[in-house]
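Below: the structure, in structure tokens.
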Amino acid sequence: MKYQRPKGTRDIYARELKRIEKINSLAREFFEAGGYIEMKTPTFEYAELFARSVGENTDIVEKEMYVFEVNKRKYVLRPEGTASVLRAFIENNLSAPARIFYIGSMFRKERPQKGRYREFLQIGVELLGEGAPFYDAEMVEQAKRFLDLIRARDFTIEINSIGCPACRKLYQKKLLMFLKPKMNQVCEDCQRRFQRNFLRIFDCKNETCQQVYTDAPKITDNLCEQCFEHYTQVKRFLDSLSVQYIENKKLVRGLDYYTRTVFEFKIPGLGAQNTILAGGRYDLLMKQLGGKDIPCLGWAVGVERLLLTLPQHLPEIKLKKKFFVIGMGERFINEMIKIRNQIQNKDGICILGDPDTTIKRQLKRANRFDTDFVIIYGEDEEKKGYYTVRNMQSGEQKPVLKDNFPEYLKKLL
RNA sequence: GUGAGUGUAGCUCAACUGGCAGAGCAUUGGACUGUGGCUCCAAUGGUUGGGGGUUCAAGUCCCCUCACUCACCCCA
């Protein structure tokens with residue numbers, strides 16, 4: 001094999017592509033009905049943008065971005081959508097509150113595994129300029145409705161509050177006091193995590209680490225008064241909205257910019273990558289990127305992971321009927337074309353057989369193409385002025401007068 | 001970046017302790033000259049991922065390398 005696609009990328013075609021397009025179009029309708037506008041931001045951005053938003057010392061920035069340099073300027077293929085949307089919001093002087101959604105490829109240079117690619121599709125939404133707890137709850141409810149719409153099943157909703165920098169600072173001290181004597185019991189990764197992004201230790205998959213953390217103080221129980229009040233109200237609104245959720249005090253986020261409410265939607269049976277949708281509040285990011293000091297929140301869903309969880313036939317895709325035109329000799333070409341055009345104009349799928357070959361061979365082709373109906377045209381048909389229409393499933397076959405064919409077609413389609 | 005597993009025909013996979021590289025499906029042709037699927041017969045199809053080594057002999061053992069898969073890190 002001479003050429004191969006780059007590691008972690010996919011060639012998407014036929015049914016798979018149709019399913020993705022279907023999800024995308026459902027998403028568009030869904031978000032537009034909710035008053036959101038679609039935004040397309042560039043696939044690449046200046047590298048600084050993500051260092052500042054996602055976090056200087058997250059792995060995404062340190063080792064997972066596709067960085068390239070042109071004329072001494074550093075660019076990256078975007079690893080996520082939020083930073084770009086905020087940048088665009090600021091740069092285009094949009095007014096808050098703004099409701100924006102996006103659909104597009106993101107890029108991360110990770111080792112691929114199940115449900116993980118180096119180029120992957122995300123659908124995301126951002127609600128810029130709303131700080132009230134009602135909107136936290138509404139976004140969770142919106143995410144749930146979206147998954148319901150595309151008929152994802154068996155997902156669980158986990159929520160938590162990771163507070164603001166003020167409560168986190170006090171909490172960090174408390175956690176350190178608890179963990180200091182136990183540091184030698186946790187894995188190397190956790191020791192490193194504690195230095196860089198200390199909340200992430202709760203994400204560790206190591207069981208002995210988790211045992212240590214079970215008794216550790218949680219950020220959720222150490223929120224400042226305002227954050228606590230906010231979180232309480234978010235949960236109250238979720239109850240009013242009849243959203244079933246699990247409160248997971250160990251739930252944290254990998255990106256640096258999150259504050260207060262965070263949530264993840266998980267589905268079992270996906271291997272290690274069981275989070276299909278995630279989001280939360282990021283009240284400080286807008287200002288950090290040079291915009292006004294306004295609170296924001298959002299979520300994003302990984303399309304590939306989503307598709308892994310949906311049964312093959314979902315989302316429903318209307319199948320067009322397939323036709324195959326058999327001509328019994330080159331001199332029937334014009335009539336074959338005429339038949340084909342009639343079918344295609346009425347939104348049917350139609351391909352032509354090679355009139356130089358036998359009817360047997362053409363039928364075989366038609367069969368392999370998974371044809372619904374075959375139209376046969378040859379000397380007999382010419383003489384008597386009809387088309388022979390063969391139903392490939394039942395094998396039934398009958399002559400249809402040329403004049404009646406458009407009418408007959410309508411019934412078949 | 002780290003670890004484990006797997007690479008044999010277009011696809012799915014066999015091949016004992018190192019001893020002639022095979023089967024099913026698919027493809028092509030025929031049985032069957034304007035009628036596909038089913039059946040039967042036959043044919044085509046291979047640098048065993050690549051390179052090196054050990055050996056009389058390597059798909060099999062050793063080393064290197066590439067790719068894929070899963071997991072870790074990280075994350076949707």
Side-chain angles (χ1 to χ4, degrees), chain A residues 1-10 54-55 57-65 79-82 104-124 143 187-190 192-193 196-197 200 203-206 209 252-256 258 263-267 270-280 298-309 324 326-329 332 353 355 357-383 388-397:
Chain A
M1 236 175 295
K2 228 173 171 181
Y3 301 109
Q4 311 182 297
R5 58 179 168 265
K7 188 195 280 280
T9 63
R10 301 191 303 155
V54 174
N57 48 12
T58 59
D59 273 13
I60 291 185
V61 167
E62 275 189 4
K63 60 175 200 192
E64 290 176 3
M65 291 204 298
E80 59 111 39
T82 300
S105 288
M106 305 298 159
F107 304 84
R108 291 179 204 173
K109 206 170 61 196
E110 311 166 283
R111 272 280 183 86
Q113 71 195 68
K114 192 180 176 78
R116 158 179 296 175
Y117 303 94
R118 289 186 165 185
E119 176 175 7
F120 62 100
L121 285 162
Q122 264 192 0
I123 298 174
C187 66
E188 280 178 29
D189 287 326
C190 278
R192 191 174 47 86
R193 281 189 194 104
R196 295 198 345 193
N197 187 346
R200 300 268 343 183
D203 262 351
C204 187
K205 286 176 182 167
N206 189 316
C209 293
V252 295
R253 307 266 55 232
L255 278 48
D256 279 0
Y258 284 102
F263 52 89
E264 282 188 11
F265 287 49
K266 294 179 181 173
I267 293 193
L270 270 188
Q273 317 304 319
N274 61 353
T275 301
I276 57 164
L277 183 153
W299 54 265
V301 61
V303 176
E304 287 85 355
R305 287 186 191 177
L306 201 51
L307 249 20
L308 278 179
T309 73
F324 190 100
I326 291 180
M328 301 302 301
F332 301 113
T357 60
T358 61
I359 189 169
K360 184 190 179 77
R361 186 184 291 273
Q362 292 186 63
L363 266 173
K364 231 173 178 171
R365 287 280 170 219
N367 196 50
R368 189 163 338 141
F369 185 58
D370 213 6
T371 313
D372 295 295
F373 299 99
V374 164
I375 318 293
I376 302 168
Y377 194 74
E379 274 178 38
D380 293 356
E381 285 80 3
E382 184 183 44
K383 227 176 279 173
T388 299
V389 179
R390 181 180 179 84
N391 180 325
M392 288 297 277
Q393 200 147 47
S394 65
E396 278 174 82
Q397 189 167 299

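In the text below, chain A, chain B and the rest are named by the order of the sequence lines, each starting its count at 1.
The side chain of A/K7 lies closest to B/rC68 when the candidates are B/rA71, B/rC68, B/rC74. The side chain of A/L363 approaches B/rG36 more closely than any other nucleotide in the set B/rG36, B/rC73, B/rC74. For A/R116, taking side-chain heavy atoms from C-beta onward, the closest of the listed nucleotides B/rA76, B/rA71, B/rC73 is B/rC73. Here B/rC73 is the nucleotide among B/rA71, B/rC73, B/rC68 with the atom lying nearest to any side-chain atom of A/R192. Comparing B/rG34, B/rG36, B/rA76 against the side chain of A/T358 picks out B/rG34 as the nearest. Side-chain proximity of A/Q113 to B/rG36, B/rA76, B/rC73: nearest is B/rC73. Distances were taken from every side-chain heavy atom of A/D189 (C-beta onward) to each of B/rU35, B/rC72, B/rA76; the shortest belongs to B/rC72. Side-chain proximity of A/I359 to the nucleotides B/rU35, B/rC32, B/rC74 is greatest for B/rU35.
For B/rG34, the base has a donor-acceptor partner in the side chain of A/E381 [N/O atoms by modelled type, under 3.5 angstrom]. No hydrogens or angles were tested; on distance alone, a donor-acceptor pair under 3.5 Å links the side chain of A/Q397 to the base of B/rU35. Judged by atom type and distance alone, A/R193 does not reach the base of B/rC74 through any side-chain donor-acceptor pair under 3.5 Å.
Between A/E264 and A/R253 there is a salt bridge, with a side-chain nitrogen of the basic residue lying less than 4.0 Å from a carboxylate oxygen of the acidic one.
In this structure, A/Y117 reaches the bases: a heavy-atom distance under 4.0 Å links it to at least one base atom across the strands shown. At the heavy-atom level, A/A366 lies nowhere under 4.0 Å from the strands shown. As judged by a 4.0 angstrom heavy-atom cut-off over every strand, A/M392 is placed among the base-contacting residues. Among the protein residues, A/E188 comes within range of no part of the nucleic acid, since none of its heavy atoms lies under 4.0 Å from any strand. Among the protein residues, A/E264 comes within range of no part of the nucleic acid, since none of its heavy atoms lies under 4.0 Å from any strand. Note on A/D380: a base of the nucleic acid sits closer than 4.0 angstrom, heavy atoms only. Nucleic acid contact class of A/R361 (heavy atoms, under 4.0 Å, all strands): sugar-phosphate only. Within 4.0 Å of A/L277, counting heavy atoms only, lie sugar-phosphate atoms of the nucleic acid but no base atom. Here A/G124 lies out of heavy-atom contact (under 4.0 Å) with every strand.
Between B/rG18 and B/rU27, the distance separating the two P atoms is 39 Å to the nearest Å. Rounded to whole Å, the separation between the P atoms of B/rC62 and B/rU55 comes to 16 Å. Going from the P atom of B/rG5 to that of B/rA23 covers 32 Å, rounded to whole Å. Only the C1' atoms considered, B/rC13 is 26 Å distant from B/rA57, to the nearest whole Å. Taking the P atom of each, B/rA43 and B/rG49 are spaced 27 Å apart, rounded to whole Å. Using C1' as the reference atom, B/rU48 and B/rG22 are 12 Å apart when rounded to the nearest Å. On the P atoms, B/rA67 is 25 Å away from B/rC74, given to the nearest whole Å. With both ends at atom P, the span from B/rC56 to B/rU17 equals 22 Å, rounded to whole Å.
For B/rC72, one of the phosphate oxygens OP1 or OP2 lies less than 4.0 angstrom from a side-chain nitrogen or oxygen of A/K205. For A/R368, a side-chain nitrogen or oxygen approaches OP1 or OP2 of B/rU28 to under 4.0 Å. Side-chain N/O atoms of A/K360 include none lying less than 4.0 angstrom from OP1 or OP2 on B/rU35. Side-chain nitrogen and oxygen atoms of A/R253 include at least one within less than 4.0 Å of the OP1 or OP2 phosphate oxygen of B/rA76. Contact annotation: A/R365 does not reach the phosphate of B/rU27 (side-chain N/O to OP1 or OP2, under 4.0 Å).
Here the side chains of A/R111 and A/R116 are not in contact, with every heavy-atom distance at 4.5 Å or above. A 4.5 Å side-chain heavy-atom check between A/F324 and A/N367 finds every atom pair outside the cut-off.
Across all strands shown, B/rU39 forms a Watson-Crick or G-U wobble pair, both distances under 3.5 Å, with B/rA31. Using N1 to N3 plus N6-O4 or O6-N4 for Watson-Crick, or N1-O2 and O6-N3 for G-U wobble, each under 3.5 Å, B/rG24 pairs with B/rC11. Taking a pair to require two hydrogen-bonding distances under 3.5 Å in either a Watson-Crick or a G-U wobble arrangement, B/rG45 remains unpaired. Across the strands present, B/rC61 finds its partner in B/rG53; the criterion is a Watson-Crick or G-U wobble pair with both atom distances under 3.5 angstrom. As the counterpart of B/rG5, B/rC68 is assigned, both hydrogen-bonding distances of the Watson-Crick or G-U wobble pattern falling under 3.5 Å.
Atoms CD (A/E379) and C1' (B/rG34) sit 10 Å apart, rounded to a whole Å. The CG atom of A/N274 sits 15 Å away from the P atom of B/rC70 (whole-angstrom rounding). Straight-line distance from the CZ atom of A/R305 to the P atom of B/rC70: 12 Å, rounded to whole Å.
A donor-acceptor contact shorter than 3.5 Å is absent between the side chain of A/E110 and the backbone of A/E64. A donor-acceptor pair is defined here as one N or O able to donate and one able to accept, closer than 3.5 Å; such a pair exists between the side chain of A/Q362 and the backbone of A/T357. A/R118 places no side-chain N or O within donor-acceptor distance of the main-chain N or O of A/P112, the cut-off being under 3.5 Å. Of the possible polar contacts, one joining the A/R108 side chain to the A/P79 backbone as a donor-acceptor pair under 3.5 Å is found. Without hydrogens or angle criteria, A/Q393 side chain to A/D372 main chain gives no donor-acceptor distance under 3.5 Å.
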Practice problem: For nucleotides 4-11 of chain B, just jot down a letter per nucleotide in 5' to 3' order: B, S or -, based on protein non-hydrogen atoms under 4.0 Å. | Solution: --------

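Applying the 6.0 Å contact sphere to CD of A/E379 captures no more than 12 heavy atoms from other residues, nucleotides or ligands.
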